[in-house]
Participant: 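Please read through the structure below; I'll follow up with questions.
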Amino acid sequence: MVKPDSAPVKGRPRDPAVEARVLEATLELLAEVGYQQASIDAIARRAGVSRPAVYRRWRSKADIVAQALFGQSERTAPRVSGDLRRDLRAWVDAVVARFGRPEVVQAFLGLMADLPDKRRFGLELVRPRRAHLAGTLAQPGVRPGVDQQVFLEMLVGAVFLRVATGRDVSDPAYADELTELLYHAVVGT
């Protein structure tokens, strides 16, 4: 592999299957034993690779976990429909689907404690959806000046607190109620 304006990289090319096995092993271990017990050694053993193979790709367990949980996320968002309640419900459903997964529940607090640059991680997590969120919050009836970041904190915070305290997020009545609360938070009065 040759990088532009640099010398050729020495050694064997990396096997993409190793990365896939490590990420899958990470998700399995998170669901089974939680973040604290999912060590790099355990991940390497489960993936059938060596520790050096893991460290050639990631600097830390937090980096592996962040990529396993959020690195393969959907890069496109649904179109803004023009129906504010429907669009807010789509946001609620997407966040519930993402943060309600067992491996996310098991890992999120430990991951946040270990990540050195939480702000960058948060920005990377929502960057692919920023334009869609801007479109959602620019619809008629939304009061001017609604802050995207505060909106996301309300939405993600509500879902994550519910998940972290062991309460069910899969109940459609919960999604309905959260959608209504968000709707009333962003519409003009």
Side-chain angles (χ1 to χ4, degrees), residues 23-24 26-38 62 65-115 117-189:
L23 295 174
E24 184 166 331
T26 301
L27 292 174
E28 290 170 1
L29 283 168
L30 290 172
E32 291 171 19
V33 300
Y35 183 80
Q36 296 303 322
Q37 300 302 316
V65 170
Q67 185 174 352
L69 292 177
F70 304 112
Q72 305 302 321
S73 67
E74 180 63 40
R75 296 291 180 203
T76 60
R79 294 184 186 269
V80 175
S81 74
D83 178 331
L84 182 59
R85 274 192 173 91
R86 182 183 322 159
D87 293 341
L88 292 174
R89 177 57 183 262
W91 276 95
V92 169
D93 290 344
V95 170
V96 163
R98 170 163 289 225
F99 286 94
R101 296 178 3 229
E103 61 274 16
V104 174
V105 173
Q106 291 286 351
F108 198 75
L109 293 176
L111 176 61
M112 290 294 99
D114 285 354
L115 277 175
D117 190 352
K118 293 162 190 57
R119 187 168 193 280
R120 184 183 66 77
F121 172 74
L123 292 172
E124 291 297 321
L125 192 58
V126 298
R127 179 171 291 150
R129 293 161 192 84
R130 281 282 183 199
H132 179 254
L133 180 56
T136 299
L137 296 179
Q139 293 184 62
V142 175
R143 66 181 165 76
V146 171
D147 186 296
Q148 286 186 15
Q149 189 61 39
V150 172
F151 174 85
L152 285 171
E153 290 166 0
M154 288 173 56
L155 171 55
V156 174
V159 172
F160 186 72
L161 180 62
R162 189 170 180 97
V163 168
T165 57
R167 297 174 60 213
D168 184 21
V169 292
S170 65
D171 182 358
Y174 170 71
D176 291 341
E177 181 66 19
L178 183 54
T179 301
E180 281 303 302
L181 289 170
L182 291 169
Y183 177 83
H184 290 291
V186 301
V187 296
T189 53

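Residues: numbered from 1 along the sequence shown. Everything numeric in this text was worked out from a predicted model, so none of it was measured.
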Participant: Would you say E180 has more than 12 foreign heavy atoms packed within less than 6.0 Å of its CD?
Facilitator: yes

Participant: Could you tell me which non-hydrogen atom of A62 sits nearest to which non-hydrogen atom of L111, and how far apart they are?
Facilitator: O-CD1, 3.3 Å

Participant: In sequence, state the C-alpha distance, the side-chain angles, and the governing distance for Y35 and D114, and then conclude on side-chain contact (heavy atoms from CB on, under 4.5 Å).
Facilitator: CA-CA 10 Å; Y35 183 80; D114 285 354; 2.7 Å; yes

Participant: Would you find more than 12 non-hydrogen atoms of other residues, nucleotides or ligands less than 6.0 Å from Q148 atom CD?
Facilitator: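 Yes - once you tally the heavy atoms of other residues, nucleotides and ligands closer than 6.0 Å, there are more than 12.
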
Participant: Show your reasoning for whether side-chain contact (heavy atoms from CB on, under 4.5 Å) applies to L69 and R101.
Facilitator: CA-CA 9 Å; L69 292 177; R101 296 178 3 229; 3.9 Å; yes

Participant: Supply the atom-to-atom distance H184 NE2 to T179 OG1, rounded to the nearest 0.5 angstrom.
Facilitator: 11.0 Å

Participant: Which atom pair, heavy atoms only, marks the closest approach of V142 to L84?
Facilitator: CG2-CD2, 3.7 Å

Participant: Among L178, L181, D176, which one satisfies side chain to side chain contact (heavy atoms under 4.5 Å, CB included) with V92?
Facilitator: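 Among L178, L181, D176, the one meeting side chain to side chain contact (heavy atoms under 4.5 Å, CB included) with V92 is L178.
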
Participant: Can you see which heavy atom on P172 is nearest to which on R89, and at what distance?
Facilitator: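 In terms of heavy atoms, the two residues are closest at O-NH2, 4.0 Å.
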
Participant: Quick one: pull up CZ in R143 and CG in L137 and give me the separation to the nearest 0.5 Å.
Facilitator: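 The CG atom of L137 is 10.0 Å from CZ of R143, to the nearest 0.5 Å.
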
Participant: Do you know which two heavy atoms are closest between D87 and G82, and how far apart they sit?
Facilitator: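 Of all heavy-atom pairs spanning D87 and G82, the closest is OD2-N, 3.4 Å.
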
Participant: Which label fits F99 and F160: parallel for a plane angle under 30°, tilted from 30 to 60°, or perpendicular past 60°?
Facilitator: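 It falls in the perpendicular class, over 60°.
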
Participant: Between A31 and E103, what is the shortest heavy-atom contact and its length?
Facilitator: N-CB, 4.1 Å

Participant: In Å, rounded to the nearest 0.5 Å, how long is the span from CE of M154 to CG of D147?
Facilitator: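 Answer for the CE-CG pair, M154 versus D147, is 11.0 Å.
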
Participant: Please assess V104 against L30 for the test side-chain contact (heavy atoms from CB on, under 4.5 Å), listing each intermediate value before the final yes or no.
Facilitator: CA-CA 8 Å; V104 174; L30 290 172; over 6 Å; no

Participant: So which atom in D83 and which in Q139 form the shortest heavy-atom distance, rounded to 0.1 Å?
Facilitator: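 Closest approach of D83 to Q139, heavy atoms only: N-OE1, 3.6 Å.
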
